[in-house]
Amino acid sequence: MFIPPNYTTIAVIARSRDLLTIEVFMPASYTYQVINDTFVIIKSPLLFSIYSGSGITVRNVDGWTILSVSGNYTYVVLNLGGASIIPINELMSINNNEVSNWLGLARKPRLSGALLTEYYLSLLLLMDDQNPVTGEFVASPEPVYFYSWVRDSSFAAMALQAAGYYGPAMKYWLWMCSAQNSSGTWYTRYDFWYGIPDKTFGIPEYDSVGLFQIGVWQFYEYTHNKSFLLAVLPCINKSLNWELRSISEDNGLIPKDLSIWESNYAYNFWTQAIDDLGLYASAQIYRVLGLNNTEILRAADELNSTIQSYFYTGKFYSQAITSTVVYTSSGSQVTYVPNGIPDSSAILPIAMGLVNPRSVRAVSTVETITRVLTVNGGLARFPGDDYHYDSSLYDSTAPDPPWLITTLFLAMYYEDIGNYTGVYNILAWCVEHSQHGLLPEAIDPRLGYPLPTTSPLTWSAAMYVLTALGYKPPQKPVIITLVLVAIVVILLAIVMFVVYGRAETRQALGSPPHYS
C-alpha cells in the first residue's frame, strides 16, 4: 500500500498464491456511477473514484454498498476528490521518485548491501510512523497498535535528526514541549491520533525527562539552531526544576518509577542514568545560551555519585536498588541495596557517556550482561523475562527472547570502544532476523523467527539507524599494505636521488664537456 507524496491517491497492490479479495465498504446512501467494470465514481456526499486492474463487482448488503476486486495479483486505487485515472505504473514511478529523493537527503552510513538497505528501510518506517500533525511516533504500525510511547518516540526523533531530517525531529520535540505536565514530567504513552495522554498505563515513568533534554541538545549539536533552544527553554526549565527538587528531596535520587520495562517499580538504573545524562545535556544548553549552569552541574554530579555508590554490585550495575530501613539505638536510617539483577538496558547509558566505556565498571558490567543474557545471538532483557512467553502475547516458544534494541545497545557500546567487527556482526544479526527487512521487537529464543505481536517496532528501527550511522569499517590490511609500500618507494627514491643525483652533479661541475 502506498500514498504518493502530495497526491490524494491511495494504492493497494495485492499478490497472493491463493485467490484474494479486496472489499471497499461504503454506506448505501452514497451515490455512485459505474463507468465500466474496472472504474467506479462516487459522487455524493464526497467525490472520489476507485479503479482496478481486475473487474470490480458491486453489491448491496445490509445498508452497505460493497465494491469487490478479486485476483491473485491485482491492485485497487482510490483517488480522493477526483474522478480521473492515473495508471498504476505511473503512480508507482511517482512514488518511487519521491521516496528516492527523500532518502537521498539522508546521511549515508559506511555500510553496503543488505545492511545499507536496512538503514533506508528503517528510515522509511520511522517517517511512515510519525503523525504528520502532532509529531508523535506510533510504537508499532503492525499489528495495529496506535499508542505513542514517549521513550520509543524520543529515540525515533534522535535517529531522524542524526540522519539529517531535522524537520520531523523538531516537530516531535515541540510536541513533547506542548504535552509536558505542569510538574515538568510526561505520561508514559499517548494516543497516537490526538496526542492526548493515556492515564491508565505505566505511571509513573521519568526517563522521558532526561530523553527530552538529551534529544533537544543533540538537535542543537546538529543544527546550531539557538531559536529552537529558546523556544523549548521553558520546558527545559520545568524539567530541570522537577529534577533538582527531586534529587534534593529523595536522597540524591530521581524518584521511583516503572521505567524502562513498565514492570519494576523501584529506583531503576535506567531512569537514574538517563536523567543524569539529561542534566549534563541541559548544562550544555545553558552554556551555549550564556546562562549559569552551576546548579545543574552540581545536581548532575550528585546524582552520578549516588548512582556509583548504590547501583554497582562490585561486578556490574544492577537493574535497580531496593530500600530498607535500619533501626538502631540512635534512630532509623534508610539504606539502599542493589537487587543483583543484570539488565541489558544498563549498557546504553554507558555507551551514551555515563562513565568511561573502558573503565573497569563499564567493562565488567557489559561482560556480565553478555555472559548472562546472550540468547540465540542477541541479548535478552533480564533473566526470566516471560513477557512474550507467559502473558497475553504467547508468541514465543520459551522465555528470555533476545530483543533487537538491547542487542543494538551492545553494538553502540562496541562503537565506543572501537570494536567495529562486533558492531557489524550485530547489524547483520538484526537483518538476518528481520521480517522481510522490517525489524521486530524480539525474536524467538529457540527458533529465531521474529515475534509477530510487535513487528515491526519503531524503536528497533531507530536504534538500527543510530548504530548504522556510528559504524566505522575496520581499515583493510590491503590499504595499509599499499600505504606502507608507497612510503618505502618514496624513501628509496629520495635515497637514490641523494646518492646518485649528487654524484652526477659533482661530475657535471668538475669535468669539461665532451664533444664528438
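What you see below is based on every heavy atom in this structure, not just the backbone, and it leaves out hydrogens, waters and symmetry mates.
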Would you find a donor on one side and an acceptor on the other, under 3.5 Å apart, between the side chain of [X] and the backbone of [Y]?
X	Y	answer
Ser396	Asp444	no
Thr306	Glu302	yes
Trp429	Asn376	yes
Asp198	Arg189	no
Ser239	Ile236	yes
Ser318	Asn339	yes

Exercise. If you measure from NZ on Lys256 to OG1 on Thr271, what distance do you get to the nearest 0.5 Å?
Worked result: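 Atom-to-atom, Lys256:NZ and Thr271:OG1 are 13.0 Å apart.
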Angle class for the [X]/[Y] ring planes (parallel below 30°, perpendicular above 60°, tilted otherwise)?
X	Y	answer
Tyr471	Tyr424	tilted
Tyr166	Phe219	perpendicular
Tyr336	Tyr310	tilted
Trp270	Phe409	parallel

Problem set entry | Heavy-atom neighbours of Tyr449 OH exceed 12 at 6.0 Å |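 Yes.
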Any disulfide bond (SG atoms under 2.5 Å apart) involving [range]? Give me the pairs, sequence neighbours left out, ordered by first then second residue.
range	result
residues 344-431	none
residues 225-270	Cys177-Cys235
residues 384-415	none

Min side-chain heavy-atom separation [X]-[Y] under 4.5 Å:
X	Y	result
Ser434	Pro450	no
Leu427	Leu408	yes
Gln180	Trp242	no
Tyr220	Lys226	yes
Ile13	Phe2	yes
Thr324	Val334	no

Problem set entry | Working for side chain to side chain donor-acceptor pair (under 3.5 Å), residues Glu118 and Ser122 | CA-CA 6 Å; Glu118 182 59 60; Ser122 294; 3.1 Å; yes
Exercise. Can you name the nearest heavy-atom pair linking Val355 to Ala362, along with the distance?
Worked result: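 For Val355 versus Ala362, the nearest heavy atoms are CG2-CB, 4.0 Å.
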Exercise. Where do Gln308 and Tyr317 land on the side chain to side chain donor-acceptor pair (under 3.5 Å) test, with the steps shown first?
Worked result: CA-CA 8 Å; Gln308 303 305 325; Tyr317 289 107; 2.5 Å; yes
Would a line drawn from the ring center of [X] to the ring center of [Y] be shorter than 6.0 Å?
X	Y	answer
Trp217	Tyr280	no
Phe228	Trp173	no
Trp403	Trp261	yes

Problem set entry | All side chain to side chain donor-acceptor pair (under 3.5 Å) counterparts of Asp395, not counting sequence neighbours |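 With neighbours one apart ignored, the set is His388, Thr453.
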Problem set entry | Pairing residues for Thr185 by the side chain to side chain donor-acceptor pair (under 3.5 Å) criterion, not counting sequence neighbours |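 Counting only residues at least two positions away or on another chain, Thr185 forms a side chain to side chain donor-acceptor pair (under 3.5 Å) with Asn181, Ser183.
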Exercise. Going through the distances and angles, do Asn131 and Tyr172 end up as a side chain to side chain donor-acceptor pair (under 3.5 Å)?
Worked result: CA-CA 9 Å; Asn131 185 319; Tyr172 175 72; over 6 Å; no
For this session: Go through the steps to decide whether Thr188 and Glu262 satisfy the test side chain to side chain donor-acceptor pair (under 3.5 Å), and finish with yes or no.
Result: CA-CA 9 Å; Thr188 300; Glu262 288 92 33; 5.5 Å; no
Exercise. By side chain to side chain contact (heavy atoms under 4.5 Å, CB included), which residues pair with Asp128, not counting sequence neighbours?
Worked result: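 With neighbours one apart ignored, the set is empty.
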